[in-house]
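Throughout, a chain's letter reflects where its sequence line sits, starting with A, and its residues are numbered from 1. All figures in this text were calculated on a predicted structure; none of them were measured in a lab. Basis for what follows: all heavy atoms, side chains included, without hydrogens, waters or symmetry-related copies.
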Amino acid sequence: MDPAPYASKRKAKIIVILGPTAAGKSALALFLAQRFDGEIISADALQVYRGMDIGTSKPTQADREAIPHHLIDIATPDEPITLADWQRRAQVALTTIMQAGKLPILVGGTGLYISSILENYKLPASKPDASLRKALERHATTSLYGQLCKIDPQTATRIDEHNRRRLVRALEHAITTGSSFYENQKQRPTEFEFCIIGCNLPQDQLTERINERVIAMVLAGLEREVKSLVRRYSWRAHPLTAIGYKEWREYLMRRRKLAEVIVLIQRNTRRLAKRQMTWFKKLNRRHDIAWVHATADAIPFVRGFLKS
RNA sequence: GGCACGGUGGCCAAGUGGUAAGGCAUGGGUCUGCAAAACCCUUAUACGCGGGUUCGAUUCCCGCCCGUGCCU
């Protein structure tokens, strides 16, 4: 077999670009892809959905024609993509790209998704069970926690006991498999070598970019996009709870003004950026992340990584 | 100019004669099949200024300044 240039000898090499929203990840990825003959995999929980373009700052058609982008537009908003789906497809995309002799560049702001590749999560075997979840969700939070203490005490000691969603998932696993949820969370040694680039800006600059970007989205027709998604899928479609979408709900019922929508999206986006950074800081405790402000700063890291 | 109401931490806003709730914003954190989701924790030389009454005033009284509304 003819080894692809980046897949030869040792572990296969992957570039990872992470960072808060609006910091400039996509542009950096595009630049590096062009420079180092790469292809891009989007690690973004919402860019996977068709029709959610403006609100997710999806790469433009032109960019996508210039450089192949994977895991964008792979589903409609009424067929949710889960972590497991995404991880599976990302792994396929990675090998496809490497077999083509290209450099995979994983880019995104969804920390969980990135971690699932970086740390090679082996997800617990239990699949989501809609009817079980529905039944569990009828219980009070304390009761859910009580149940978990009984059937899976090990997980109960570590879980956030107020977080119903996590409680339901843990119970779902314990009930359907009879084994401990926590015990089934596995990380395996990864078969890849990563060059992790953190893309961020000083906080005041990031805030400014977020604010500007939200206004640009509105000018680009975000309201129209939201309306057409709602018409097609209704507000029940879970992806529409995303920032940039959910804020329009009250507006469309005439209970919120446009100016309020904008301020809300800006604020929620700011918070998102903070939470994203929390995740990345945690990741940074276990991995080296080269933090850069400017595109050019990333080049030496990548070059050194590819040579080593 | 007159009358009325108001001036409490970055913003909004309770409240009491014995130094002050809460919300928002901010900051930190959690996270293995909904993750742009769902959660947890959290800072603070805050009572417009000056005087008076009082053991003690943010709270009562007087004056001033500022804001808002109404009137002339």
What distance, rounded to whole Å, do you find between the two [atom1] atoms, one in [N] and one in [M]?
| N | M | atom1 | result |
| --- | --- | --- | --- |
| B/U68 | B/A36 | C1' | 41 Å |
| B/G22 | B/A44 | C1' | 16 Å |
| B/A35 | B/U30 | C1' | 12 Å |
| B/U58 | B/G17 | C1' | 10 Å |
| B/C64 | B/A4 | P | 14 Å |
| B/A14 | B/G51 | C1' | 28 Å |
| B/A57 | B/G18 | P | 12 Å |
| B/A20 | B/C47 | P | 12 Å |

Between B/A35, B/A36, B/G33, which nucleotide gets closest to the side-chain atoms of A/Asp44?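 For A/Asp44, the side-chain atoms sit closest to B/A36.
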[X] side chain to [Y] backbone, donor-acceptor under 3.5 Å:
| X | Y | value |
| --- | --- | --- |
| A/Ser126 | A/Thr176 | no |
| A/Arg50 | A/Asp73 | yes |
| A/Gln34 | A/Leu32 | no |

Tell me: [atom1] of [X] to [atom2] of [N], nearest whole Å?
| X | N | atom1 | atom2 | answer |
| --- | --- | --- | --- | --- |
| A/Leu136 | B/C34 | CG | C1' | 15 Å |
| A/Asp85 | B/A35 | CG | C1' | 14 Å |
| A/His238 | B/G33 | NE2 | P | 14 Å |
| A/Leu171 | B/G33 | CG | P | 13 Å |
| A/Arg133 | B/A38 | CZ | P | 14 Å |
| A/Leu71 | B/A36 | CG | P | 15 Å |
| A/Leu18 | B/A36 | CG | P | 13 Å |
| A/Leu144 | B/C39 | CG | C1' | 14 Å |

Can you build the contact string for nucleotides 26-31 of chain B? Use B for base contact, S for sugar-phosphate-only contact, and - for no protein heavy atom under 4.0 Å. SSBBSB
Compute whether any side-chain donor of one residue and acceptor of the other, for [X] and [Y], lie under 3.5 angstrom apart.
| X | Y | value |
| --- | --- | --- |
| A/Asp204 | A/Thr207 | no |
| A/Ser42 | A/Gln47 | yes |
| A/Glu79 | A/Tyr49 | no |
| A/Glu39 | A/His69 | no |

Would you indicate what [X] reaches in the nucleic acid, counting non-hydrogen atoms under 4.0 angstrom: base, sugar-phosphate, or nothing?
| X | answer |
| --- | --- |
| A/Thr269 | nothing |
| A/Leu46 | base |
| A/Pro80 | nothing |
| A/Tyr182 | nothing |
| A/Gln187 | base |

Any pair with a residue in residues 122-149 of chain A that passes salt bridge (Lys or Arg N to Asp or Glu O under 4.0 Å), sequence neighbours left out, goes on the list, sorted by first then second residue, please. A/Arg133-A/Glu172
Would you please confirm or rule out a distance under 4.0 Å between OP1 or OP2 of [N] and any side-chain N or O of [X]?
| X | N | result |
| --- | --- | --- |
| A/Tyr113 | B/A35 | yes |
| A/Arg169 | B/G33 | yes |
| A/Thr110 | B/A36 | yes |

Tell me the partner of [N], counting only Watson-Crick (N1-N3 plus N6-O4 or O6-N4) or G-U wobble (N1-O2 and O6-N3) with both under 3.5 Å; none if nothing fits.
| N | value |
| --- | --- |
| B/C60 | B/G52 |
| B/U45 | none |
| B/C39 | B/G29 |
| B/C5 | B/G67 |

Is atom CZ of A/Arg286 surrounded by more than 12 heavy atoms (other residues, nucleotides or ligands) closer than 6.0 Å? yes
5'-most by nearest nucleotide on RNA chain B - A/Leu83 or A/Gly109: A/Leu83
Nearest-nucleotide wise, let me know which of A/Lys127 and A/Thr21 is further upstream toward the 5' end of RNA chain B. A/Lys127
Cluster overlap A/Val92 with A/Tyr121, hydrophobic side-chain contacts below 4.5 Å: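 Hydrophobic grouping puts A/Val92 apart from A/Tyr121.
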